[in-house]
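Below is one structure, written out as structure tokens, with a few remarks after it.
All values below come from the heavy atoms of this structure, side chains included, with hydrogens, waters and symmetry mates left out. As the structure lists them, so they are numbered: ligands from 1, and atoms in each ligand from 1.
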Amino acid sequence: MPGTVIQATNLKQLSNLHGTFRHPIENLFNIANGNTGRIVPDYNATTKALQQFLGEAANKNKTLRCLGSNWSWTPVGYANDWILHTKRLNILKRILPEETDPSYFFEPDRVVFSQCGCTIQELSRELRRLNRSLKTSGASNGQTIAGATATGTHGSAIDVGATPDFVVGIHLIVSPNRHVYLERASYPVVSLLFVQKIDAELVRDDDLFNAALVSFGSFGIIHGMMLETEPLYLLQTYRLRLELDQVAPLAETLDFDAHPLLPFGGERPFHFQFLVNPHDLHNGVYVSAMYKRPYREDYPRIVRDFSKAGPGEDAPAFLGRLTHSLPVVTALVVNNLIKNAYAPYNDQWGTLNEIFSNTDTQGRVLSAAVGIPAEKVNEVNNLLLDLTTARVHLLGFMHIVL
Ligand SMILES: Cc1cc2nc3c(=O)[nH]c(=O)nc-3n(C[C@H](O)[C@H](O)[C@H](O)COP(=O)(O)OP(=O)(O)OC[C@H]3O[C@@H](n4cnc5c(N)ncnc54)[C@H](O)[C@@H]3O)c2cc1C
């Protein structure tokens, strides 16, 4: 049976999914696991191959970074010399009771161990078979778990946090002859048996763990991650149009009881966001609200209309459709597209993975996200609105996820 394979592609230039930049490199390498039919030995063989590769890079004085799905918007995470494409490293291992620390006593499959290249979509599909789900994700689900975590890909659930918040262990290749399994001392999850199985050295340290978690690829090669999951759930979703003045007090307080504007009045939604099209403000903003419900088999499935932005579809992917087909985009074109495609809807159901699903739109788009305290949301939105009125050629829109 073949073992781990690392192949040079001799590619000299990398561009990201949305073609926002081109970055010169010396070489891109693809890595794939061996397939003996036994996942732990295959995983461990890849650990060795990664260490060897790291050693080779160090000996030849090459800078090295990993690449996940290549969805990032800037080349800041790229090395100039070698790039190792890890997306095919997609082993997922269930964790046995004896592989968890005695203090970590929860229901089966609460934690799973994912190799770095598993995409959010792959993980969600596998978890569904176990009646489990990720706690949250970004608006699309094609990122790898290592890439999404390394850049703090934010979810959009008000009370959950972002991707790194459900990572509870990191298997890190730190040098050609050292690899560690890192977890918080304050939150031990695995037993020594698990650490022995992957042949690693156990390090329990809160500060080191927090530093390595959102690392932008600069804290060693992440080979695997322990993920905390939850029972499979459904989202009941709505998109409506409301006046910005109505939404503003809710946005900065998140006091749903005091401002019962959403479909279930004072109920706190799982997800709440609004999208502001500065070129069509007088018709209101687009408000999305999603409520978490227990999973049941007979929920009405969403029938996708590919000419429309479905529930959870993210703004960058959506704008990408436009720039992909049109050389020049004007405010009128943006308005028409949004009116037609981003229409309000009622009572659509799906799992996290179905609502925040994959996108293969590859138009030229730039997206940036900035975290701000909720109480500043209206101040920042007003500043952005002033900017767009002052510079009519600025054609984006503001997507506010609370
Ligand atoms: C269509 C689209 C929708 C998006 N939606 C959202 C969203 O809703 N919310 C949000 O926050 N972001 C979003 N993003 C941004 C995206 O989530 C991040 O850029 C994320 O990092 C992409 O994951 P990736 O697997 O493509 O990582 P890459 O872009 O390939 O890599 C990102 C970083 O992770 C490092 N890395 C990757 N693998 C490893 C590894 N094995 N070991 C060490 N380091 C590694 C890389 O070196 C790099 O620094 C979106 C992007 C696109 C294109």
Side-chain angles (χ1 to χ4, degrees), residues 14-21 23 25 28-29 31 46-47 50 53-54 63-79 82-91 114-123 136-157 161-165 167 170-174 179 212-225 271 273 288 309 312-321 323-324 352 355-371 399-401:
L14 262 188
S15 182
N16 64 338
L17 178 81
H18 282 279
T20 37
F21 57 81
H23 181 79
I25 54 167
L28 172 81
F29 298 83
I31 179 166
T46 296
T47 299
L50 287 168
F53 188 70
L54 196 55
T63 52
L64 167 65
R65 286 277 178 107
C66 290
L67 186 69
S69 291
N70 198 15
W71 274 28
S72 287
W73 301 101
T74 84
V76 71
Y78 284 179
W82 289 4
I83 304 275
L84 183 63
H85 193 198
T86 54
K87 198 172 173 180
R88 289 187 206 159
L89 300 184
N90 57 0
I91 288 173
S114 164
Q115 210 176 6
C116 56
C118 284
T119 63
I120 302 297
Q121 187 176 42
E122 283 169 335
L123 284 168
T136 184
S137 70
S140 304
N141 59 7
Q143 306 95 334
T144 60
I145 187 64
T149 307
T151 57
T153 294
H154 56 83
S156 37
T163 308
D165 292 85
V167 175
I170 307 172
H171 179 210
L172 206 54
I173 316 284
V174 290
H179 60 106
L213 192 57
V214 183
S215 66
F216 293 90
S218 55
F219 216 97
I221 298 177
I222 297 162
H223 188 195
M225 298 184 130
H271 168 106
Q273 69 170 54
S288 298
E313 187 159 343
D314 64 322
F318 173 62
L319 254 193
R321 292 180 184 184
T323 55
H324 200 50
L352 180 80
I355 298 295
F356 296 105
S357 56
N358 207 354
T359 172
D360 48 14
T361 313
Q362 296 194 7
R364 291 172 58 220
V365 186
L366 181 64
S367 164
V370 184
H399 201 170
I400 298 175
V401 181

So for [X], does at least one of its heavy atoms come nearer than 4.0 angstrom to any atom of ligand 1?
X: Ala369; result: no
X: Gly220; result: yes
X: Phe219; result: no

Aromatic rings His223 and His171: how do their planes relate, parallel, tilted or perpendicular, breaks at 30° and 60°?
tilted
Does the plane of the ring in Phe29 sit parallel, tilted or perpendicular to the ring in Phe53? Use 30° and 60° as the thresholds.
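Perpendicular: the ring planes of Phe29 and Phe53 meet at over 60°.
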Donor-acceptor under 3.5 Å (Ser69 side chain, Trp71 main chain)
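Such a contact is absent between Ser69 side chain and Trp71 backbone.
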Does any part of the side chain of [Y], heavy atoms only, come nearer than 4.5 Å to the side chain of [X], both counted from C-beta?
X: Trp82; Y: Thr63; answer: no
X: Ser215; Y: Ile222; answer: yes
X: Gln115; Y: Thr46; answer: yes
X: Ser137; Y: Leu352; answer: yes
X: Leu84; Y: Leu67; answer: no
X: Leu17; Y: Asn70; answer: no
X: Thr119; Y: Asn90; answer: no
X: Ile173; Y: Thr47; answer: yes

Considering only heavy atoms, does [X] approach ligand 1 within less than 4.0 Å through its side chain, its backbone, both, or neither?
X: Cys66; result: both
X: Leu17; result: side chain
X: Ser69; result: both
X: Thr151; result: side chain

Find all atoms of ligand 1 within a distance of less than 4.0 Å from any non-hydrogen atom belonging to [X], and give their numbers and elements.
X: Thr153; value: 9 (N), 10 (C), 11 (O), 12 (N), 16 (C), 17 (O), 18 (C), 20 (C)
X: Ala148; value: 23 (O)
X: Gly138; value: 7 (C), 8 (O)
X: Cys116; value: 41 (N)
X: Gly77; value: 47 (O), 49 (O)
X: Ala146; value: 38 (N), 39 (C), 40 (C), 41 (N)
X: Ala139; value: 7 (C), 8 (O)

Counting heavy atoms only, which of [options] comes nearest to [atom]?
atom: atom 6 (C) of ligand 1; options: His154, Gln143, Met225; answer: Gln143
atom: atom 35 (C) of ligand 1; options: Gly217, Gly224, Ala162; answer: Gly217
atom: atom 27 (O) of ligand 1; options: Gly371, Gly147, Ser137; answer: Gly147

Closest approach of Asn16 to Ser72 (non-hydrogen atoms, all atoms of both residues)
ND2-O, 2.8 Å
For ligand 1, which is the ligand I care about here, please tell me if [X] has any N or O atom under 3.5 Å from one of the ligand's N or O atoms.
X: Trp71; answer: yes
X: Ala150; answer: no
X: Phe216; answer: yes

